[in-house]
There are 4 protein chains.
Amino acid sequence: MQLSVDVDNGMPIYEQLIRQVKYAVAEGVVVPGQMIPSVRDLARQLAINPNTVQRAYQQLQSEEIIESLRGRGMAVCLGAKKQCQTDRQTLLGERLMAVIEEAVRSGLDSDRLREMFERGLSKAIRKNEASS
Amino acid sequence: MQLSVDVDNGMPIYEQLIRQVKYAVAEGVVVPGQMIPSVRDLARQLAINPNTVQRAYQQLQSEEIIESLRGRGMAVCLGAKKQCQTDRQTLLGERLMAVIEEAVRSGLDSDRLREMFERGLSKAIRKNEASS
Amino acid sequence: MQLSVDVDNGMPIYEQLIRQVKYAVAEGVVVPGQMIPSVRDLARQLAINPNTVQRAYQQLQSEEIIESLRGRGMAVCLGAKKQCQTDRQTLLGERLMAVIEEAVRSGLDSDRLREMFERGLSKAIRKNEASS
Amino acid sequence: MQLSVDVDNGMPIYEQLIRQVKYAVAEGVVVPGQMIPSVRDLARQLAINPNTVQRAYQQLQSEEIIESLRGRGMAVCLGAKKQCQTDRQTLLGERLMAVIEEAVRSGLDSDRLREMFERGLSKAIRKNEASS
DNA sequence: GTGGTCTAGACCACC
DNA sequence: GTGGTCTAGACCACG
């Protein structure tokens, strides 16, 4: 699992970490039961404050994505994969819905919006293929 | 022009005001040249601090959406309507693009995404018609 | 004497009026002893608040540029012309000095500054001839 | 970087700070990437309100002179030095032009103006050398 | 520790 | 009346 942080990005670092871990779990990059990097290791590796890592792990723990195994470290919870997948779907759905609603509310034409969507989709697909 | 604030929402109050004013200008609810509520009036009406309103107005002023007429109040700038409209289009486009990209990156099938989009669109249109 | 106000300009209206009256006196457009427009007339003509005109006239009066003739209006004081001329010279000198000082303090080369000055002078002369 | 405020001066404190920071950046007193004093420190040091410093910093941030590093402080932006230098040149040029124009418009003789300029320049240079 | 936001209340210049 | 500036002091998110 390769994690990274973007300091310039407006998103809080701990939130970036949370997202990336959830993403990795949903994708199967890390599987339930597997250990994830220790707080200290990850902090050193990313050159960030251990408190920040700790905060991310705490939230993941409270969401039952990872669990603390005393004396050994943090491991991915058993039901985590499915949960992360549905979480992401739900989140994506909500965000998509919000954008569409605002567009419609501001009087944007349906066909115009469809066109924007299709153009965006093609672009995203190309971009995705290029990076993989 | 009816403004409102949602204190519980994470968004800063002054930013909510900025958005709503821009929205009203883009929609033609207030037209260029027209006066907008005075700092004190709006603060009283929304039960918030005048400084918060002031801050929103100042930023709108620096973006040349409104202008200060000394001793008289704040008025919508002449070129503001067009600017607010394009601003919103650009913003919507970016947000839509971001959602699509993340969906594609997370391996969502194009047809599945299109389906979500169409269902969201229908729902948004119904919702919009109901409220108008 | 033709007075005008520029609302967009940052300078207070009453100060614009003061300047323009002094300018007119210095130029001999109005001569000592001559009457100047009444507060009400001028306010109506420029579509500004009578209070603003009043304020300008009061300050001019306290500087002994104009005097109030009871029941008749405001007139230019006898020694006003000379005073306005020297005032303007002094003011211009101070402003020029301030700009030069800041330029020098910021490390601008003397020859570079001279060049800017000469270019500005030529431009100003052309502009002045064109408008006259 | 040594900042100071003059409360008696008509210029708003936050604007004085903005000017001084820009000046320091243009002069290279602080270099891109370097941290500038924290809001609280500067406020304490100058015996002014943290909000006032905050306001100055926010405006500098919106002009992309400095950037906020979350939880760490404010740092000078990479492209800031050049921008501050050109800004100052432009501003000085405009102010010089304005003075010259008014002088010409008021009928001042070119040679008389040149004389004033040269005298002012010598004086400014002496003053500058004395203080350095 | 840092910056970001908000409230409360004051004084000023301007119209 | 209007906006513009400032102070004092609070709470929050982030590292």
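All heavy atoms count here, side chains included; hydrogens, waters and symmetry mates do not. Quantities reported herein were computed from a predicted structural model and do not represent experimental measurements.
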[N] [atom2] sits how many Å from [X] [atom1], rounded?
| X | N | atom1 | atom2 | answer |
| --- | --- | --- | --- | --- |
| B:Tyr57 | E:dC6 | OH | C1' | 17 Å |
| C:Asp8 | F:dG3 | CG | P | 17 Å |
| D:Arg44 | F:dT7 | CZ | P | 15 Å |
| D:Leu46 | F:dC6 | CG | P | 13 Å |
| C:Ile48 | E:dC15 | CD1 | P | 8 Å |
| B:Met35 | F:dG1 | CE | P | 15 Å |
| B:Arg72 | F:dG3 | CZ | P | 11 Å |
| C:Gln59 | E:dA13 | CD | P | 12 Å |

[X] versus [Y]: any side-chain heavy-atom pair under 4.5 Å?
| X | Y | value |
| --- | --- | --- |
| C:Pro37 | C:Met1 | yes |
| B:Gln61 | B:Ser68 | yes |
| C:Leu91 | C:Arg88 | no |

For [N], does either OP1 or OP2 sit under 4.0 Å from a side-chain N or O belonging to [X]?
| X | N | value |
| --- | --- | --- |
| B:Gln54 | F:dG4 | yes |
| B:Ser38 | F:dT2 | yes |
| D:Arg55 | F:dT5 | yes |
| B:Gln61 | F:dG4 | yes |
| B:Ser68 | F:dT2 | no |
| B:Thr52 | E:dT5 | no |

- Message: Which residue in the set C:Gln83, C:Gln58, C:Lys22 passes side-chain hydrogen bond (donor to acceptor under 3.5 Å, both in side chains) when paired with C:Glu63?
- Response: C:Lys22
- Note on the structure: Nearest-nucleotide check on DNA chain E, B:Arg40 vs B:Asn51; residue mapping nearer the 5' end is B:Asn51
- Query: What stem regions, each of at least 3 consecutive Watson-Crick or G-U pairs below 3.5 Å, can be found for DNA chain F?
  - Reply: E:1-14 with F:1-14
- Note on the structure: Here the pair of heavy atoms bringing D:Ile65 nearest to D:Ala80 is O-CB, 3.4 Å
- Closest-nucleotide ordering on DNA chain F, the 5'-leading residue of B:Arg70 and D:Gly71: B:Arg70
- Taking for each residue the nucleotide of DNA chain F bearing the nearest heavy atom, is the 5' side occupied by B:Gln58 or by B:Asp41? B:Asp41
If you draw a 6.0 Å radius around [atom1] in [X], do more than 12 non-hydrogen atoms from other residues or ligands fall strictly inside?
| X | atom1 | answer |
| --- | --- | --- |
| A:Arg95 | CZ | yes |
| A:Arg105 | CZ | yes |
| A:Arg40 | CZ | no |

- Message: To the closest 0.5 Å, what do you measure between CD (D:Glu15) and OG1 (D:Thr52)?
- Response: 13.0 Å
- Query: Does B:Gln16 reach the main-chain N or O of B:Val5 with its side chain, forming a donor-acceptor pair under 3.5 Å?
  - Reply: no
- Query: Counting any heavy atom closer than 4.0 Å, what does A:Asn49 reach on the DNA or RNA strands: base, sugar-phosphate only, or nothing?
  - Reply: sugar-phosphate
- Task: Could you check which residues of residues 9-20 of chain A get a heavy atom under 4.0 Å from DNA chain E? Sort them by number, please.
- Result: none
